[in-house]
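We're numbering straight along the sequence, starting at 1.
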Amino acid sequence: MHAPRNPTPPPLPGNDPAGLQSFAVLLRRMNSQFNRITHEFAQSQGLHLTDVQALIALLDADPDEGPMTPGRLRRQLDLTSGAVTACIDRLEKAGHIRRVRAADDRRVVHLYYEEAAKGIARDFFQPLARGTETARARFRPDELMVVARFLTELNRELAMLRSSPPRP
């Protein structure tokens, strides 16, 4: 990961740093930085951005739902079956994932993130983890609980937006 070119962000718009407009700006800036880092990882591994999204989906999959399957991955990434197959093929060829047929039903395929590939990602994203921990250390535990609650609620709202019918 490269060091940011301009480590001091521009000021927030308006007078209310906790207002909706300021939140929107902060979230866009954070998303932009995450996207840049993710793009750098994808390039370093010869992957498409969709491939990295698939790896994140495998990493963050709910264990209560069982192992990730191509169908679940397709729905989560909103891809066609052909596109998810191409993605899985690329990831498997690059050594990032493996496919395993279910023992009880050989038609079912489970996808697993390879441990060696997780290590590569862990090494690449270590500076991000250190930066996150540095930022977290600036807050008291009760403040972090509020931040975590906000992020949980925002993720819940985003998931509901994704699941609702598309707007015209």
Side-chain angles (χ1 to χ4, degrees), residues 1-5 7 24 26-136 144 147-167:
M1 292 184 335
H2 302 289
R5 289 181 180 86
L26 289 168
L27 290 169
R28 281 194 305 269
R29 286 179 188 168
M30 184 179 68
N31 188 54
S32 178
Q33 293 298 333
F34 281 142
N35 286 343
R36 284 188 190 110
I37 293 166
T38 302
H39 187 74
E40 288 175 8
F41 177 73
Q43 285 184 320
S44 77
Q45 296 300 303
L47 300 174
H48 296 257
L49 286 175
T50 303
D51 300 343
V52 178
Q53 289 173 332
L55 290 174
I56 291 167
L58 264 70
L59 189 63
D60 293 347
D62 183 349
D64 292 338
E65 293 182 28
M68 181 64 75
T69 64
R72 238 174 78 208
L73 185 62
R74 181 189 63 75
R75 287 186 299 280
Q76 189 164 342
L77 298 180
D78 197 24
L79 297 174
T80 64
S81 60
V84 82
T85 298
C87 174
I88 291 168
D89 288 345
R90 285 190 303 269
L91 289 170
E92 187 175 43
K93 183 178 178 184
H96 288 276
I97 67 167
R98 63 186 156 85
R99 297 179 222 214
V100 176
R101 296 222 176 257
D104 58 339
D105 185 347
R106 303 280 300 147
R107 295 170 297 177
V108 176
V109 174
H110 295 152
L111 305 173
Y112 296 95
Y113 201 150
E114 289 284 13
E115 287 304 316
K118 280 184 188 178
I120 291 168
R122 197 173 11 261
D123 291 345
F124 184 90
F125 289 103
Q126 192 62 44
L128 175 60
R130 281 193 302 271
T132 301
E133 189 51 37
T134 298
R136 278 174 27 89
L144 289 172
V147 172
R149 198 173 92 231
F150 169 76
L151 293 173
T152 299
E153 289 302 318
L154 183 57
N155 279 315
R156 186 183 335 266
E157 291 295 324
L158 292 172
M160 287 185 351
L161 280 174
R162 266 196 87 212
S163 65
S164 44
R167 290 174 283 179

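Going from atom CZ of R75 over to atom CG of D78 covers 11.5 Å, rounded to the nearest 0.5 Å. Here CG of D62 is found 10.0 Å from CD of Q76. Values are rounded to the nearest 0.5 Å. Atom-to-atom distance recorded for I88:CD1 and R98:CZ is 14.0 Å, nearest 0.5 angstrom. I120 contributes atom CD1, which lies 11.5 Å from atom CD of E115 (distance to the nearest 0.5 angstrom). Note that CD1 of I37 is 5.0 Å distant from CG of L128, once rounded to the nearest 0.5 Å. Distance CZ/R156 to CE/M160: 8.5 Å, rounded to 0.5 Å.
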Stepwise side chain to side chain contact (heavy atoms under 4.5 Å, CB included) check, R99 with L111:
CA-CA 5 Å; R99 297 179 222 214; L111 305 173; 3.8 Å; yes
Please evaluate residues R130 and E133 with respect to the criterion salt bridge (Lys or Arg N to Asp or Glu O under 4.0 Å), reporting the C-alpha separation (whole Å), side-chain torsions for both, the decisive distance (0.1 Å), and the verdict.
CA-CA 5 Å; R130 281 193 302 271; E133 189 51 37; over 6 Å; no
Given side chain to side chain contact (heavy atoms under 4.5 Å, CB included), test M68 with Y113 step by step and report yes or no.
CA-CA 10 Å; M68 181 64 75; Y113 201 150; over 6 Å; no
Might you work through the side chain to side chain contact (heavy atoms under 4.5 Å, CB included) test for L158 and N155, ending with a clear yes or no?
CA-CA 5 Å; L158 292 172; N155 279 315; 4.3 Å; yes
Only pairs under 3.5 Å count here: list side-chain donor-acceptor contacts from residues 48-61, not counting sequence neighbours, and write none if there are none.
residue : atom : partner : partner atom : Å
D51     : OD1  : R90     : NE           : 3.1
D51     : OD1  : R90     : NH2          : 2.7
D51     : OD2  : H48     : N            : 3.0
D51     : OD2  : R90     : NE           : 3.0

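Nearest heavy-atom pair, A83 versus L79, reported as atom, atom and distance to 0.1 Å: CB-CB, 4.1 Å. Nearest heavy atoms, H110 versus A102: CE1-CB, 3.7 Å.
Residues that satisfy the side chain to side chain contact (heavy atoms under 4.5 Å, CB included) test with R101, not counting sequence neighbours, are R106, V109.
Formation of a donor-acceptor pair under 3.5 Å by the T85 side chain with backbone atoms of S81 is found in this model.
A perpendicular orientation is assigned to the rings of F41 and H96, their planes being inclined by more than 60° (bins at 30° and 60°).
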